[in-house]
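Here's the structure we're looking at; comments come further down.
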Amino acid sequence: MSSAFEYAPAPESRAIVDIAPSYGLFVDGEFTEAADGKVFKTVSPSSEEVLSEVAQAGEADVDRAVQAARRAFEKWSALPGAERAKYLFRIARIIQERSRELAVLETLDNGKPIRETRDADLPLVAAHFFYYAGWADKLDHAGFGANPRPLGVAGQVIPWNFPLLMLAWKIAPALATGNTVVLKPAETTPLTALFFADICRQAGLPKGVVNILPGYGDTGAALVAHPDVNKVAFTGSTAVGKQIARTVAGTRKKLTLELGGKGANIVFDDAPIDQAVEGIVNGIFFNQGQVCCAGSRLLVQESIQDELLDSLKRRLSTLRLGDPLDKNTDIGAINSEEQLSRITSLVEQGESEGAERWSPACELPSAGYWFAPTLFTNVTQAHTIARDEIFGPVLSVLTFRTPDEAVAKANNTQYGLSAGIWTEKGSRILAVANKLRAGVVWSNTFNKFDPTSPFGGYKESGFGREGGRHGLEAYLDV
């Protein structure tokens with residue numbers, strides 16, 4: 001994209017990562033082939049290069065991993081909390097030591113810019129393990145009654161948008177509370193989960209406490225349905241979440257779901273425009289908009305619409321799209337060809353329904369999966385792009401006149417995961433936030449995360465909370 005300055009390329013070296021030609025499943029502390037010998041390839045979204053071949057877990061492998069986790073549970077759950085904490089602290093420190101390696105690997109396998117994996121994802125991954133290590137010997141004081149007990153085996157299914165961070169959100173509280181884990185990473189981003197398996201071995205974690213099963217949707221379905229799984233945790237699409245809820249219904253399994261979103265970013269007429277523009281950009285273009293809590297609906301007060309949009313368009317014209325390993329890159333690659341096709345289809349539908357599309361001048365690389373940052377104006381609440389989760393770098397702009405209208409439009413969605421409020425008035429922030437039906441409400445910022453804060457949604461954005469003290473409850477018999 002055009003800029004007042006020319007940037008020299010500043011690529012991060014990929015030499016720090018040694019990617020093997022093939023990887024097995026991680027079951028009972030060892031890497032092993034799938035029972036039926038099936039494998040699949042994982043591809044770098046920015047170049048379409050095949051990174052490695054990965055074993056594909058089937059139903060027999062799921063059963064083997066759950067049995068290993070069940071055997072390990074007896075000894076792991078019996079350990080004093082302070083002993084479990086030592087393992088978690090050790091894992092956190094190793095993640096920090098290997099953070100550059102893991103950041104480069106995540107960028108290669110996922111497509112997001114290196115400055116996001118390096119400066120956001122990896123520090124948060126380590127922080128979650130440090131945080132829950134601190135809880136491991138304090139569960140009696142967590143507010144869930146005396147002597148809360150672990151549930152048993154946790155079956156966890158994570159998405160491709162934050163592969164290592166979602167792993168940390170799931171595994172850290174499960175281990176801290178004395179549970180054992182069988183985790184299925186997304187089929188397009190299995191590598192950092194498999195490297196995490198190596199970290200578990202490096203930390204001396206007892207065999208069977210953590211098991212990693214790469215695979216497709218049928219692998220996740222087999223894990224969710226396994227009769228010896230006591231807890232299911234899923235982050236992903238609302239459609240799959242509903243299917244999981246139907247599978248778990250009528251069983252004794254505990255369930256948490258963190259699903260889709262269509263977050264509203266509300267900008268009032270007294271908001272600091274430049275600060276709001278940065279928050280809007282971070283809210284929708286971070287990780288190419290492939291974020292469940294993305295601020296994909298911009299609600300701007302009518303009186304400042306023109307001023308805000310002019311500033312926003314100027315800012316978008318300075319974003320740099322390209323090689324995710326370049327430290328100057330702001331916008332990386334879309335995770336997969338399938339996701340790119342979905343984004344393209346919904347954007348075309350937005351145009352056909354009458355919304356006005358704008359993107360900055362942008363040259364897309366010839367290889368890989370790319371989509372230019374895009375915003376739509378003349379959007380109404382009836383437009384598909386204002387209702388459906390696009391999960392891409394696409395912003396829908398709507399206007400409002402009064403705070404009540406802003407709240408009504410923000411809540412007019414089947415989702416309820418996130419929202420943002422931009423105003424200089426603290427009283428207005430509190431008044432509006434109290435009326436928004438969203439699990440997380442940011443004020444004068446967006447996409448800020450901390451392991452001490454709970455995260456989760458309402459309505460079709462799921463139920464249950466991850467992070468903070470609240471994140472312990474889902475893994476305890478209270």
Side-chain angles (χ1 to χ4, degrees), residues 1-12 14 41-51 104 106-118 160-163 186 188-189 277 280-291 294-296 298 309 312-352 355-377 379 384-385 388-397:
M1 298 181 194
S2 61
S3 171
F5 302 96
E6 289 298 323
Y7 286 83
E12 176 66 85
R14 59 181 290 176
K41 291 178 172 60
T42 184
V43 173
S44 180
S46 62
S47 64
E48 301 177 63
E49 166 199 358
V50 175
L51 296 173
V104 171
E106 195 82 299
T107 289
L108 285 170
D109 206 21
N110 171 276
K112 66 173 69 178
I114 185 67
R115 66 183 185 86
E116 292 182 10
T117 56
R118 178 195 64 194
W160 46 258
N161 57 339
F162 292 92
T188 60
T189 54
V277 165
I280 294 163
V281 169
N282 184 51
I284 183 57
F285 299 117
F286 181 76
N287 196 17
Q288 299 71 254
Q290 299 168 138
V291 184
S296 53
L298 173 60
L309 286 179
L312 181 58
K313 288 179 179 180
R314 283 196 301 272
R315 182 67 179 93
L316 293 189
S317 297
T318 68
L319 297 179
R320 299 179 62 82
L321 181 148
D323 179 9
L325 281 176
D326 191 326
K327 301 180 190 77
N328 294 318
T329 295
D330 299 298
I331 306 288
I334 302 303
N335 181 254
S336 66
E337 187 175 13
E338 179 185 5
Q339 183 59 24
L340 177 60
S341 176
R342 172 178 168 78
I343 295 168
T344 302
S345 174
L346 285 167
V347 165
E348 290 173 352
Q349 190 169 351
E351 285 188 289
S352 69
E356 187 174 330
R357 177 181 177 180
W358 182 89
S359 292
C362 183
E363 183 178 345
L364 302 181
S366 56
Y369 315 123
W370 304 90
F371 199 89
T374 299
L375 65 84
F376 277 99
T377 52
V379 178
T384 302
I385 55 171
D388 289 5
E389 184 179 36
I390 299 173
F391 223 63
V394 182
L395 178 65
S396 298
V397 182

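Starting from 1, each residue takes its place in the sequence as its number. Both backbone and side-chain heavy atoms feed into the values below; hydrogens, waters and symmetry mates do not.
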- Can you tell me if S296 uses its side chain to pair, donor with acceptor, with the backbone of L395 under 3.5 Å? no
- Item | Results of side-chain contact (heavy atoms from CB on, under 4.5 Å) for A10 - residues two or more places apart only | D326, K327, N328
- Task: Measure from the side-chain N and O atoms of N287 to the backbone N and O of N161, and report whether any donor-acceptor pair falls under 3.5 Å.
- Result: yes
- Task: Can you sort out the partners of S47 under side-chain contact (heavy atoms from CB on, under 4.5 Å), two or more places apart, ordered by chain and number?
- Result: S44, E49
- Item | Sidechain-backbone polar pair: Q339 side chain, F391 backbone, donor-acceptor under 3.5 Å | yes
- Message: Keeping S317 on the side-chain end and K313 on the backbone end, is there a donor-acceptor pair under 3.5 Å?
- Response: yes
- Would you say the side-chain atoms of S396 pair up with the backbone N or O of I385, donor to acceptor, closer than 3.5 Å? yes
- Side-chain donor or acceptor of E356 paired with backbone N/O of F376 under 3.5 Å: no
- Message: Can you tell me how the ring of F286 sits relative to the ring of F162, calling it parallel under 30°, perpendicular over 60° and tilted otherwise?
- Response: parallel
- Query: Take atom CD in E337; do more than 12 heavy atoms of anything else shown fall under 6.0 Å from it?
  - Reply: no
- Item | Whether T117 side chain and I114 backbone form a donor-acceptor pair below 3.5 Å | yes
- Item | side-chain hydrogen bond (donor to acceptor under 3.5 Å, both in side chains) evaluation trace for D109 with T42 | CA-CA 7 Å; D109 206 21; T42 184; 2.7 Å; yes
